[in-house]
Structure formats: C-alpha cells, structure tokens
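Working notes for the structure below.
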There are 2 protein chains.
Amino acid sequence: MIRILVADDEHLIRDAIAGLLDLQEDFEVVGQAASGTEAIAAALRLRPDVALLDLQMPGPDGIDVARRLSAELPECRSIVVTSHGRPGYLKSALAAGVRGFLPKTVSSRMLADVVRKVASGGRHVDPELAAEAIGAGDSPLTPRETDVLALARDGAPVDEIAQRVSLSRGTVRNYLAAAIAKLGGANRHEAARIAAEHGWI
Amino acid sequence: MIRILVADDEHLIRDAIAGLLDLQEDFEVVGQAASGTEAIAAALRLRPDVALLDLQMPGPDGIDVARRLSAELPECRSIVVTSHGRPGYLKSALAAGVRGFLPKTVSSRMLADVVRKVASGGRHVDPELAAEAIGAGDSPLTPRETDVLALARDGAPVDEIAQRVSLSRGTVRNYLAAAIAKLGGANRHEAARIAAEHGWI
DNA sequence: GTCGATGCATGACAGTTGTCATGTACCGCA
DNA sequence: TGCGGTACATGACAACTGTCATGCATCGAC
C-alpha cells in the first residue's frame with residue numbers, strides 16, 4: 001500500500017485528485033494540505049511514502065516543500081504537478097530532490113503510473129516538459145539581472161527597483177537593458193513576461 | 001440521473017473531476033472535452049443536462065461556450081468553474097446564461113450540490129466571488145480604454161498599439177493615461193495588471 | 001435650443017526609460 | 001605577471017511615456 005499526501009491550494013482539485021488516487025487499490029491518500037506550510041507539517045506528521053505537490057501554492061511553493069522534505073524526511077518522495085507551461089522550473093525542481101515532475105495535462109492513468117514508479121524508487125519527468133526545458137536551456141540572465149527583472153515584473157518604476165536592490169537608477173536601467181537584449185523583448189515588460197514564461201524569474 | 005459534460009483543458013483535472021462526479025449515484029459523466037470547441041461539439045452531440053466548463057480553455061473560453069449553448073441547446077444548463085481570482089468575469093458569465101459560477105477552491109461536496117441545484121433549475125453563484133464582484137463593481141474603463149489597455153497588456157509599445165487600433169500615438173497615450181488614473185496604477189503595466197486581476201480586460 | 005456630461009481625438013511639455021560608451025573588480029589561465 | 005573574459009557599476013544622450021490643455025461630436029435633461 002502506497003501512502004500519499006496531496007497538496008494543492010484549490011480544494012476542488014485537491015479533493016478530485018485525492019479521490020482519483022484513492023480509487024486505486026494499492027494507494028491510500030493519508031492526508032491533504034492547502035498550502036506549502038500545511039504540506040510540510042502534514043508530511044512530517046503523517047510520514048507518507050509519496051507527497052504529490054502542486055507547483056503554485058500560497059507560502060512555500062511545491063519546489064520549496066520538496067526541498068524541505070528531501071532534507072528532513074528523505075524517505076518521502078516528492079512529485080510536483082504544474083499547470084501548463086513552466087518548463088523552466090524543472091531544473092530547480094530536480095535540484096530540490098523532486099522525483100517526479102508532471103504537467104496537469106497528463107492523464108490520470110499516467111499520474112497513477114508515476115506515483116507507483118516514484119514510490120518504488122524510480123524517477124519520472126514528463127518528456128515534453130523535459131524537451132522544452134532542454135530547448136529553453138538555462139536562464140541567460142546573471143543573478144543581478146534576474147533580481148532586477150523580477151522586481152520590474154509587476155510594473156514597478158525604476159526608482160523603486162533601485163531602492164530595493166540598493167543601486168543607482170542608471171545601473172538598474174543597465175541591467176534591464178541587458179535583460180531586454182538577451183531575451184529579445186521590446187521593453188522591460190515584454191522581457192519580464194518572456195522570463196516568467198520560461199520560469200527564469 | 002443527471003447527465004454531465006466536463007470540459008477542462010488539463011487532462012488530469014478533467015479526469016479527476018469527472019471521476020469525482022461519477023462517484024455520485026445520481027450523476028453520470030457522459031462526455032469530456034479538452035477545449036471550448038470540443039465542448040460545444042460534444043454538448044450538441046450528447047445533449048447533457050449540465051455542462052461543467054472551465055473558464056480558461058484554448059479557443060472559446062467557458063463563457064463563450066456557455067453563450068453558444070444557451071442559444072443552441074437551452075435545455076443544457078452551464079456551470080463555470082474558475083481558478084482563484086477573476087471575480088470580474090461573473091457578470092459576463094451571468095449575461096452568457098451561466099447558471100452556476102464557482103471558484104476551484106470550493107469543496108467537492110459543494111460542487112455536487114451545485115450541480116444538483118442547477119440541474120433542477122436553480123442557480124448558484126459563489127457568495128465570496130459575488131461579494132468581490134459587487135465590491136469591485138463594473139469596469140470603470142470606456143470601451144476604447146479597454147481595447148487599448150488590453151493591447152498594452154503584454155508590453156507592446158505605443159506605436160504598435162496605435163497601429164492596431166488605427167489611432168494616433170497621442171490618442172493612445174491619452175487613453176492609457178485615463179486608464180492609469182482610473183485604476184490607480186503607477187504606469188500602464190501596473191494598470192493592465194490591475195485590470196486583468198479584476199477581469200476587466 | 002441650450003446646456004452640461006461624456007466619449008473620443010490631438011499636440012506640447014516634462015519626466016522616465018532604453019541605448020551606448022566607459023570604467024572597475026574579480027576570476028581562470030598561460 | 002599579464003591577458004582575456006565576465007559580472008557589476010555609472011552617467012550622457014536620445015527616444016519613449018505620462019500629464020495636461022484643448023477641441024469636437026453625441027446624447028439626454030431642462
């Protein structure tokens with residue numbers, strides 16, 4: 001019997017996936033969590049075999065949770081599930097000790113197979129996401145450029161960004177220009193959008 | 001027996017929700033669709049009692065589908081489900097003839113209750129979304145402002161927007177300024193983000 | 001018919017942003 | 001030690017964006 005923890009902030013999805021998994025005779029959903037914090041607490045308490053984590057959650061996201069769990073509860077294997085897009089997170093997910101990485105576009109049969117595979121010590125990464133991640137490659141941005149672009153993401157003016165990273169206006173503009181050039185955008189906002197799509201910020 | 005069509009572009013979610021509903025003794029999931037186009041075709045073919053539609057789908061979204069169905073298949077009642085946020089769509093959903101409107105944060109029990117209620121001729125709108133929609137109110141933007149802001153959304157420069165809506169640069173800037181002022185943003189991008197959060201563009 | 005309110009349109013001006021030339025510090029390498 | 005490459009930092013200049021004053025057309029109220 002494989003003991004599973006399901007974490008997703010959307011109650012309906014969480015219930016539905018938990019119900020789906022519970023239908024399998026060799027699965028038992030032992031707990032549910034609606035946030036990263038809850039997921040960590042529940043995992044430490046319930047010690048499941050597999051933690052099925054949504055990537056986007058309030059508080060710590062799925063990857064943060066996986067990192068904590070692989071450090072504090074190594075016998076619990078993590079699988080991260082994500083909505084469409086976001087191949088850029090794959091690399092950091094693997095670095096965080098995630099054993100399975102799937103988009104929500106896979107079939108329920110595939111999810112069950114992956115849970116079994118991971119529970120028995122294997123790994124599984126969705127081939128399509130893997131291809132996209134390889135195609136997209138690593139972020140071309142330097143750490144500083146990443147910081148600055150991340151702050152520019154929701155429309156903050158340069159001065160505010162400069163203050164937050166303790167830089168002069170000119171320097172911030174320079175980093176933004178570099179990011180814009182590297183990403184091929186027409187301005188910072190397009191660049192931020194592109195970087196976000198690739199999971200680089 | 002209530003015959004249900006489930007439409008969601010994410011296979012896993014679709015499967016999971018369908019499975020969840022199928023557990024209910026008085027429900028029968030008669031079909032699934034992965035896009036708005038498929039949903040319309042499947043509904044016309046299968047003539048379900050209830051169409052459960054995801055808001056965000058490739059091609060026609062859940063509201064578009066509901067509009068088509070309420071025109072061409074009025075005996076099929078539509079329920080729209082959405083990820084968190086987006087109260088702004090509620091009004092257009094109701095205008096499109098949607099009978100139920102729920103965030104994906106509700107429990108599975110609630111979903112089942114709403115399906116029964118809608119199938120028997122009732123309506124249900126999530127109280128929290130309704131409150132937010134009332135609080136947020138209608139879009140303060142004029143049609144032109146909405147057009148322009150929508151185009152500014154993903155970072156297009158003014159000239160491109162001007163071309164697309166056949167306006168002078170100055171006029172476009174003026175509309176953007178009006179939108180920025182009305183929405184309380186610091187620049188067009190913040191304004192676009194705010195409008196998007198409210199579902200106004 | 002006049003009035004005010006509203007939506008739409010334009011151009012001048014000032015402030016912000018993007019581009020560029022330039023400079024410093026650090027690192028690996030011959 | 002000297003060299004090239006990279007990340008980081010700055011300021012001048014040009015282009016773009018946001019603000020403002022202004023004008024025109026439509027529509028309902030009086």
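Below, each value reflects all heavy atoms present in this structure, side chains not excepted, and no hydrogens, waters or symmetry copies. Below, chain A is the first sequence line, B the second, and so on; all start at residue 1. Note that the coordinates shown come from a computational prediction; the quantities given were computed from them, not determined experimentally.
One interatomic measurement links the two molecules: OH of A:Tyr175 to C1' of D:dT6, which rounds to 11 Å at whole-angstrom precision. The separation between B:Leu176 atom CG and C:dT17 atom C1' is 16 Å, rounded to whole Å. The interatomic distance linking A:Arg188 (CZ) with D:dC16 (C1') rounds to 11 Å, in whole Å. Whole-Å rounding puts the B:Glu145 CD to C:dA9 P distance at 11 Å. Straight-line distance from the CD1 atom of B:Ile161 to the P atom of C:dC8: 16 Å, rounded to whole Å. For the pair A:Lys182 NZ and D:dT6 P, the computed distance is 10 Å after rounding to whole Å. Straight-line distance from the NE2 atom of B:His189 to the C1' atom of C:dT16: 12 Å, rounded to whole Å. Rounded to a whole Å, the CZ atom of A:Arg173 is 10 Å from the C1' atom of D:dT10.
Checking B:Ala181 against A:Leu167, the closest nucleotide of DNA chain D that is more toward the 5' end is the one next to A:Leu167. If B:Thr171 and A:Ala178 are placed on DNA chain C by their nearest nucleotide, the residue sitting closer to the 5' end is B:Thr171.
The SG atom of B:Cys76 sits 5.0 Å away from atom CG of B:Leu69, with the distance rounded to the nearest 0.5 Å. A distance of 11.0 Å separates CG in B:Leu73 from CD1 in B:Ile40, rounded to the nearest 0.5 Å.
A:Glu197 has a carboxylate O that lies under 4.0 Å from a charged side-chain N of A:Arg193, or vice versa, which qualifies the two as a salt bridge. Remark: B:Lys104 engages B:Asp54 in a salt bridge, criterion side-chain N to carboxylate O under 4.0 Å.
In the interface, the side chain of B:Arg144 is not paired with the base of C:dG7 through any donor and acceptor atom under 3.5 Å apart. Judged by distance alone, with hydrogens and angles left aside, B:Asp159 brings no side-chain donor or acceptor close enough to the base of D:dC16 to form a pair under 3.5 Å. Judged by atom type and distance alone, A:Asn174 does not reach the base of D:dC8 through any side-chain donor-acceptor pair under 3.5 Å.
For B:Thr142, a side-chain nitrogen or oxygen approaches OP1 or OP2 of C:dC8 to under 4.0 Å. Between A:Arg169 and the phosphate of C:dT16, there is no side-chain N or O to OP1/OP2 separation shorter than 4.0 Å.
When all heavy atoms of B:Ala196 and B:Arg153 are compared, the pair lying nearest together is CB-NH2, 3.5 Å.
With C:dT19, D:dG18, C:dT10 as the choices, the nucleotide that has an atom nearest any side-chain atom of B:Ile180 turns out to be D:dG18.
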